[in-house]
There are 2 protein chains.
Amino acid sequence: MPSSAERALLPDSAGMDRVFHALSDRTRRGILERLSRGPALVSELAAPVQLTRMAVSKHVRVLEEARLICREIVGREHRCSLAAEPLQEVDAWLGPYREFWAGTLGALARFVEEEAGGA
Amino acid sequence: MPSSAERALLPDSAGMDRVFHALSDRTRRGILERLSRGPALVSELAAPVQLTRMAVSKHVRVLEEARLICREIVGREHRCSLAAEPLQEVDAWLGPYREFWAGTLGALARFVEEEAGGA
DNA sequence: GCTATAGGAAACCAATTGGTTTCCTTTACT
DNA sequence: AGTAAAGGAAACCAATTGGTTTCCTATAGC
């Protein structure tokens, strides 16, 4: 069984597919943003969204399958809450590219400096 | 005209949709990873990928439309290179959630500490 | 016990995806 | 000039998406 650290480092491609796909819809990102301010029922998520409850329900399921939210079923209510772990995986995935753009910006800075110094 | 800082902070939903969707395919993430080690032609991207050149060409276009790569056409060759800016937008988008999971882990740490102290 | 509420299941739809194949254009090499 | 290489365009295909509507189940409240 892989530890959570291993899970974050070995890029489980299928998992990342699911996470990025889940994030590729603004409605779903909106749901995540809402949940970052505390748990909510499915109907509470649906209320502000100008969409059918069922549409929101499907979005919730997509997020759940990407492990971005988890739901606790209490009575007839489904209480959804944010699960940030996959976002940490995204953060980790971003790692090398962070170095890349730091390099790019560094190179740009050096270029500008050279221009200023040389001219 | 929005500055690059504004562009990074105002979440252009359609743009983010495109970026996350572009990232939601492992082939495309593979292309990005390849390009993080330097520019490449479309055929060089297609060579290792066990897919038609056309399929790769389409993936390249998706990445290009998400502004994740840019291509310089020189003669008959299309030289593709990584454009990390949208990844910085992803990084920025991640910001608040980073605080969230820091809080969660912080809370967990406190809980464990209390357990250890109280027991 | 009856009614209202929270939510999923299933069927359906148009649009998009990821992939292919076949053909075409443009540039390079000899 | 003639051929090989780089790559896009178009047509096509099966599978998936995002959305709807209609119906169904289970819990809660009077």
Side-chain angles (χ1 to χ4, degrees), chain A residues 13-35 38-83 86, chain B residues 13-35 38-83 86:
Chain A
S13 290
M16 287 300 263
D17 283 5
R18 259 178 271 123
V19 170
F20 278 124
H21 171 250
L23 295 177
S24 74
D25 182 286
R26 73 193 73 188
T27 301
R28 289 192 290 258
R29 289 198 303 279
I31 290 174
L32 287 189
E33 194 254 347
R34 164 64 185 80
L35 290 182
L41 306 184
V42 174
S43 38
E44 291 170 339
L45 294 174
V49 166
Q50 187 69 10
L51 270 183
T52 321
R53 183 180 47 76
M54 261 315 290
V56 173
S57 173
K58 286 190 181 182
H59 283 301
V60 167
R61 167 176 283 268
V62 170
L63 288 165
E64 193 182 13
E65 279 168 357
R67 299 162 12 260
L68 279 160
I69 76 180
C70 59
R71 75 173 85 199
E72 183 200 2
I73 303 178
V74 39
R76 63 180 165 177
E77 300 181 338
H78 293 211
R79 175 155 281 103
C80 304
S81 51
L82 180 60
Chain B
S13 290
M16 287 301 263
D17 284 5
R18 259 177 272 123
V19 171
F20 278 123
H21 171 250
L23 295 178
S24 75
D25 182 286
R26 74 194 73 187
T27 301
R28 289 193 290 259
R29 288 197 304 279
I31 291 175
L32 286 189
E33 194 255 346
R34 165 63 186 79
L35 290 182
L41 306 184
V42 173
S43 38
E44 290 171 340
L45 294 174
V49 167
Q50 188 68 9
L51 270 184
T52 320
R53 184 179 47 77
M54 262 314 290
V56 173
S57 174
K58 285 190 182 182
H59 282 302
V60 167
R61 168 177 281 268
V62 170
L63 289 165
E64 194 182 12
E65 278 167 359
R67 296 160 18 256
L68 279 161
I69 75 178
C70 59
R71 76 173 85 198
E72 183 201 2
I73 302 178
V74 39
R76 64 181 164 176
E77 300 181 338
H78 293 211
R79 176 155 280 105
C80 304
S81 52
L82 179 60

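Reminder, nothing fancy here: chain letters follow the sequence lines and each chain counts from 1. Being a predicted model, the structure only gives us computed values, none of them experimental.
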**Asked** Could you state the CD-P distance from E44(A) to dT5(C), rounded to the nearest angstrom?
**Response** 15 Å
**Request:** Calculate the interatomic distance between L45(B) atom CG and dG8(D) atom C1'; express it in whole Å.
**Result:** 15 Å
**Asked** With respect to the side chain of V42(B), which nucleotide from dA11(C), dG8(D), dG8(C) is positioned closest?
**Response** dG8(D)
**Asked** Quick one: on DNA chain D, does Q50(A) or G75(A) contact a more 5' nucleotide (nearest heavy atom)?
**Response** Q50(A)
**Prompt:** From the list dG7(C), dG18(D), dA10(C), which nucleotide is the closest neighbour of the side chain of M54(A)?
**Reply:** dA10(C)
**Asked** How long is the line joining CG of D25(A) and P of dT17(D), in whole Å?
**Response** 12 Å
**Message:** Quick one, R29(B) and D17(A) - any side-chain contact, counting heavy atoms below 4.5 Å?
**Reply:** yes
**Item:** N or O in side chain of S57(B) less than 4.0 angstrom from dG8(D) OP1/OP2
**Value:** yes
**Asked** When you check the phosphate oxygens OP1 and OP2 of dA9(C), does a side-chain N or O of R61(A) lie under 4.0 Å from one of them?
**Response** yes
**Request:** Rounded to the nearest 0.5 Å, what's the gap from NE2 on H21(B) to CE on M16(B)? Could you check?
**Result:** 15.0 Å
**Item:** Upstream residue (5' side of DNA chain C) when V60(A) and R76(A) are each assigned their closest nucleotide
**Value:** R76(A)
**Request:** Report the distance from atom NE2 of H78(B) to atom C1' of dG7(D), rounded to the nearest whole Å.
**Result:** 6 Å
**Request:** Please state how far atom CZ in R29(A) lies from atom P in dG18(D), giving the value in whole angstrom units.
**Result:** 12 Å
**Prompt:** Got a salt bridge between R18(B) and E65(B), using NZ or NE/NH1/NH2 to carboxylate O under 4.0 Å?
**Reply:** no
**Message:** Can you measure R79(B) atom CZ to dA6(D) atom P for me and round it to whole angstrom units?
**Reply:** 12 Å
**Prompt:** So, do C80(B) and V60(B) sit near enough that their side-chain heavy atoms are less than 4.5 Å apart?
**Reply:** yes
**Message:** In whole Å, I'd like the distance from the CD atom of E72(B) to the P atom of dA6(D).
**Reply:** 17 Å
**Complete:** Side-chain atoms of T52(B) come closest, of dT20(D), dG8(C), dG19(C), to dG19(C)
**Rounded distance in Å - CG (L51(B)) to P (dT21(C))** = 11 Å
**Prompt:** Base, sugar-phosphate, or nothing for R28(B), non-hydrogen atoms under 4.0 angstrom?
**Reply:** sugar-phosphate
**Selected nucleotide, minimal atom distance to A55(A) side chain, candidates dT20(D), dG7(D), dG18(C)** = dT20(D)
**Request:** Report yes if at least one side-chain N or O of H21(A) is closer than 4.0 Å to OP1 or OP2 of dT17(C); otherwise report no.
**Result:** no
**Fill in**
Of dT20(D), dG8(C), dG7(D), the nucleotide closest to the side chain of R53(A) is dG8(C)
**Message:** Could you measure the distance from the CZ atom of R28(A) to the NZ atom of K58(A)? Nearest 0.5 Å is fine.
**Reply:** 11.5 Å
